[in-house]
Amino acid sequence: MQQWEVWRGPPQDRCGRYRSTPGSPVYITPTEADVTALTEAGARIVAADATGRPRPGGEKLADLVAATHAGGALFMADVDTLDAALAAVDAGADLVGTTLAGYTTGTDVPDDPDIALAGAISRRCPIPVIGEGRYRTPAQVAAAFDEGAWAVVVGTAISDPVNTTRRFAYACPHSPVES
């Protein structure tokens, strides 16, 4: 049995189904069946990995977009590059987010959000761009809006008190916190 979890923002505004699947690095809404489960649960926006990495069973992004629209929802493409964003627009995505920027290269994840990517996508794509991933400060949020982001997601910066406390503790000159 596969483990999965559904994240829902109030009131079920944006949903993604997070789970690992054998033979694929995609874990955010990896299959058309996941899309269907989310739209049947009432999701208005379905977010899915749109990085171009291989999906389970060779499924195509355009099929997930079509299934999302058939279920009456909008499709948000979680991307890592400008090329992925452009491909998502071609596939029919309604929104694009920088959610996976910095997470797909196999190197250490950067500390800061990819504000430049949000700007590049905003300048090239005709759909709303959501800055998402590692936004921790009001200055970062403002910079994303200055670059053309339509909205910015501030996730664990406010929803993970342990992580927030750890960041403040690291700033202390004699921090007792260990990583």
Side-chain angles (χ1 to χ4, degrees), residues 5-19 25-31 34-35 37-39 41-53 55 60-69 71-105 109-160 163-164:
E5 131 187 12
V6 174
W7 175 87
R8 289 194 179 113
Q12 296 180 348
D13 285 334
R14 176 183 181 269
C15 294
R17 195 168 185 181
Y18 298 79
R19 65 185 182 96
V26 173
Y27 62 92
I28 300 174
T29 318
T31 67
D34 295 315
V35 167
L38 291 168
T39 58
R44 294 184 210 147
I45 301 173
V46 173
D49 182 315
T51 61
R53 298 182 294 174
R55 294 187 165 288
K60 303 296 181 209
L61 181 62
D63 296 330
L64 273 69
V65 173
T68 301
H69 292 157
L74 299 175
F75 185 87
M76 179 170 163
D78 288 343
V79 303
D80 57 346
T81 65
L82 175 59
D83 287 341
L86 294 171
V89 169
D90 288 345
D94 303 291
L95 309 154
V96 63
T98 60
T99 316
L100 292 170
Y103 292 105
T104 61
T105 61
V109 175
D111 289 332
D112 293 323
D114 196 337
I115 296 167
L117 178 61
I121 295 170
S122 294
R123 287 185 291 279
R124 296 278 309 273
C125 293
I127 60 176
V129 176
I130 314 298
E132 183 174 6
R134 301 179 307 279
Y135 283 88
R136 294 184 179 98
T137 69
Q140 291 168 333
V141 171
F145 282 119
D146 288 345
E147 285 292 317
W150 183 74
V152 177
V153 174
V154 180
T156 58
I158 57 175
S159 66
D160 182 350
N163 189 26
T164 302

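Computed from a prediction, not measured in an experiment: that's the story for all the values here.
In this structure, a donor-acceptor pair under 3.5 Å is present between the side chains of Asp49 and Thr51. Remark: the Thr98 side chain and the Asp114 side chain contain no N/O donor-acceptor pair separated by less than 3.5 Å.
Contact of the Trp150 side chain with the Ile127 side chain is not registered, since no non-hydrogen atoms from C-beta on lie closer than 4.5 Å. A heavy-atom distance below 4.5 Å is found between the side chains of Leu82 and Leu117. Annotation: side chain of Arg55 is in contact with side chain of Leu61 (closest heavy-atom distance under 4.5 Å). Residues Pro110 and Arg134 have side chains in contact (heavy-atom distance under 4.5 Å, counting atoms from C-beta outward).
Residues Ala47 and Ile28 share a closest heavy-atom pair of O-CG2, 3.8 Å. Heavy-atom minimum distance, Ala73 versus Val46: CB-CG2, 4.3 Å. In terms of heavy atoms, Ala93 sits closest to Val65 at N-CG1, 4.1 Å. Here the closest heavy-atom approach between residue Ala48 and residue Leu64 is recorded as CB-CD2, 4.2 Å. What you find for Leu86 and Cys125 is that their closest heavy atoms are CD2-SG, 3.8 Å. Minimum heavy-atom separation, Gly131 to Ala149: N-CB, 4.3 Å.
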Exercise. Any chance you could lay out the side chain to side chain contact (heavy atoms under 4.5 Å, CB included) test for Val154 and Gln140, step after step, and finish with the verdict?
Key: CA-CA 10 Å; Val154 180; Gln140 291 168 333; over 6 Å; no
Quiz item: Is there a side chain to side chain contact (heavy atoms under 4.5 Å, CB included) between Val153 and Ile130 once you walk through the steps?
Solution: CA-CA 7 Å; Val153 174; Ile130 314 298; 3.6 Å; yes
Self-check item: Full working for side chain to side chain contact (heavy atoms under 4.5 Å, CB included) between Asp80 and Arg53
Solution: CA-CA 10 Å; Asp80 57 346; Arg53 298 182 294 174; 5.6 Å; no
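Taking CG of Asp78 as the reference point, atom OH of Tyr103 lies at 11.5 Å (rounded to 0.5 Å). In this structure, CG in Asp34 is found 11.0 Å from OG1 in Thr39, a value given to the nearest 0.5 Å. Note that CZ of Phe75 is 12.0 Å distant from CD1 of Ile45, once rounded to the nearest 0.5 Å. With values rounded to the nearest 0.5 angstrom, Leu100 atom CG is found 8.5 Å from Glu132 atom CD.
Under the salt bridge (Lys or Arg N to Asp or Glu O under 4.0 Å) criterion, Arg124 pairs with no residue, sequence neighbours left out.
Judged by distance alone, the side chain of Arg123 and the main-chain N or O of Gly148 form no donor-acceptor pair under 3.5 Å.
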